[in-house]
Amino acid sequence: MARKVGFKVALSPAPHKTESGQKFYLPHTTSNGTLSMSHLLDLMSSGGGSMSRAQTVACLTRLFEVIQEHVLLGHRVPLGDLGTLGAYATGLLDAEGRPVKTALQRRRRKTATTGRVDFAVQFTPSAKLKKALANVPYRIHKTDQRCPAVNELVDATTGQPIATITPGQHVRLLGKNLKFNPATKDEGIILALDSGKKRTWRITDVIDNTGPRLTFQIPADLPTGTTCRIYVRKRFPRCQAVHCNK
């Protein structure tokens with residue numbers, strides 16, 4: 001039997017009000033956790049199938065390689081009932097097709113183009129997944145602030161996205177509403193090991209502590225060759241739970 005799915009939804013004040021002054025709130029999902037690769041392999045190999053854990057690892061590794069190869073070739077890759085994965089181009093070009101670096105006025109804020117053509121991943125959910133999400137139960141956590149949302153981890157020196165980290169490395173988390181109060185014991189950047197001896201680090205000594213980014217150094221005593229999670233934890237007023245993005 002499938003496990004019942006549930007989302008944690010935090011509320012932040014919306015700018016909209018009725019003529020009577022009634023206040024509205026906007027919903028924001030908060031993470032319930034992360035399904036690590038190790039846990040995914042355990043679930044797949046223990047589900048009564050004929051493949052061992054080693055065979056499952058080999059199968060998934062090859063699947064990921066094939067998907068990445070064809071996404072980089074510009075193909076749209078179907079992922080069964082989940083949806084379709086592909087890539088799209090971003091940037092600004094002149095009439096001759098040359099990238100342009102300039103400032104743009106978009107709605108109420110100014111943005112700048114990078115001066116090159118960039119490509120990003122696009123996932124299109126299937127109709128079946130959309131229907132399933134339309135009926136997912138959720139729990140409300142009311143707060144006057146938005147929950148932190150981590151979008152990307154990059155190298156602080158090069159600005160390039162990274163998938164692996166090394167002890168002592170300076171990295172940067174990019175996202176929204178990341179700024180935290182180092183003096184509050186429930187807040188900070190949390191680094192937790194997923195494999196081997198379970199251990200966590202609470203990082204509060206940061207170079208940049210702003211809403212869109214956090215720059216910090218990976219602990220020097222982080223064991224090499226291990227899998228870990230990095231997330232931001234904040235405690236909001238009027239909210240009983242600690243919200244975190246993993």
Side-chain angles (χ1 to χ4, degrees), residues 30-47 51-69 71-72 85 87 118-121 123 147-235 242-246:
T30 63
S31 174
N32 275 331
T34 300
L35 178 62
S36 67
M37 181 57 69
S38 178
H39 190 193
L40 175 62
L41 292 171
D42 289 339
L43 292 173
M44 293 183 65
S45 59
S46 63
M51 290 198 306
S52 65
R53 182 184 174 90
Q55 290 173 324
T56 304
V57 171
C59 182
L60 282 180
T61 300
R62 183 54 185 154
L63 174 64
F64 296 153
E65 290 174 350
V66 170
I67 290 175
Q68 177 174 302
E69 176 185 346
V71 167
L72 293 177
L85 195 66
D118 295 312
F119 293 88
V121 174
F123 173 73
C147 297
V150 175
N151 297 331
E152 198 173 38
L153 177 68
V154 302
D155 184 275
T157 303
T158 65
Q160 296 299 314
I162 54 176
T164 59
I165 56 176
T166 57
Q169 180 182 10
H170 285 85
V171 298
R172 180 175 296 131
L173 283 175
L174 302 178
K176 295 181 179 180
N177 312 302
L178 300 179
K179 186 176 182 179
F180 63 91
N181 182 4
T184 304
K185 65 178 182 179
D186 287 328
E187 299 191 10
I189 303 168
I190 308 299
L191 193 153
L193 291 181
D194 270 345
S195 59
K197 184 178 179 181
K198 301 298 182 182
R199 185 180 174 186
T200 60
W201 289 260
R202 175 174 171 259
I203 303 170
T204 57
D205 186 11
V206 294
I207 300 171
D208 288 324
N209 185 4
T210 63
R213 70 180 188 177
L214 299 173
T215 305
F216 60 97
Q217 186 175 18
I218 299 298
D221 58 343
L222 175 70
T224 59
T226 57
T227 304
C228 64
R229 293 173 293 137
I230 300 177
Y231 58 97
V232 178
R233 186 167 62 191
K234 295 173 62 176
R235 179 176 291 277
V242 173
H243 295 289
C244 61
N245 185 290
K246 300 181 181 179

Worksheet item: Would you say R53 and S38 make side-chain contact, with heavy atoms under 4.5 Å?
Response: yes
Worksheet, complete the sentence: By salt bridge (charged side-chain N to carboxylate O under 4.0 Å, His left out), D155 pairs with (sequence neighbours left out) none
Worksheet item: Any idea which heavy atoms bring Q169 and T164 closest together, and the distance?
Response: OE1-O, 4.1 Å
Worksheet entry | Pairs where residues 54-68 contributes a residue and the test salt bridge (charged side-chain N to carboxylate O under 4.0 Å, His left out) is met, not counting sequence neighbours | R62-E65
Worksheet item: Going by heavy atoms in the side chains, are I165 and L153 under 4.5 Å from each other?
Response: yes
Practice prompt. Over all heavy atoms of both residues, which pair between T200 and A192 is shortest? Give the atoms and the distance, please.
Written response: CG2-CB, 3.7 Å
Worksheet item: Quick one: CG on L214 to OG1 on T204, what's the gap to the nearest 0.5 Å?
Response: 11.5 Å
Item to complete: For side-chain contact (heavy atoms from CB on, under 4.5 Å), just list the numbers for V171 and F216, CA-CA rounded to whole Å, side-chain angles, deciding distance to a tenth of an Å, and then say yes or no.
Response: CA-CA 6 Å; V171 298; F216 60 97; 3.5 Å; yes
Practice prompt. Sorted by first residue and then second, give each salt bridge (charged side-chain N to carboxylate O under 4.0 Å, His left out) pair with at least one member in residues 206-219; sequence neighbours left out.
Written response: D208-R213
Worksheet item: Once you round to the nearest 0.5 Å, how far does CD1 of I218 lie from CD1 of I203?
Response: 5.5 Å
Fill in: For the student: nearest non-hydrogen atoms of Q55 and M51, plus distance
OE1-CA, 3.2 Å
Discussion item. Can you tell me if D205 has over 12 outside heavy atoms packed within less than 6.0 Å of its CG?
Written reply: no
Worksheet item: Are any non-hydrogen side-chain atoms of T210 and K179 less than 4.5 angstrom apart?
Response: no
Worksheet entry | Reported CG-to-NZ distance for the pair N181 and K185, which is rounded to 0.5 angstrom | 13.5 Å
Discussion item. Could you report the tightest heavy-atom contact between A220 and P167, atom names first, then the distance?
Written reply: O-CB, 3.5 Å
Worksheet, complete the sentence: What one should report as the nearest heavy-atom pair of D221 and R199 is OD2-NH2, 2.8 Å
Discussion item. Rounded at 0.5 Å granularity, tell me how far CG in L222 sits from CD in Q217.
Written reply: 11.5 Å
Worksheet item: When rounded to the nearest 0.5 angstrom, what is the spacing between OG in S36 and CG in L193?
Response: 12.0 Å
Worksheet item: Judged by atom type as modelled, is there a donor-acceptor pair below 3.5 Å linking the side chain of R172 to the main-chain atoms of T157?
Response: no
Discussion item. What's the separation between atom OH in Y231 and atom CG in L173, rounded to the nearest 0.5 Å?
Written reply: 12.5 Å
Worksheet entry | Crowding at CD, E152 (>12 non-hydrogen neighbours, <6.0 Å) | yes
Worksheet item: For F180, does its backbone N or O pair with a side-chain atom of N209 as donor and acceptor, under 3.5 Å?
Response: yes
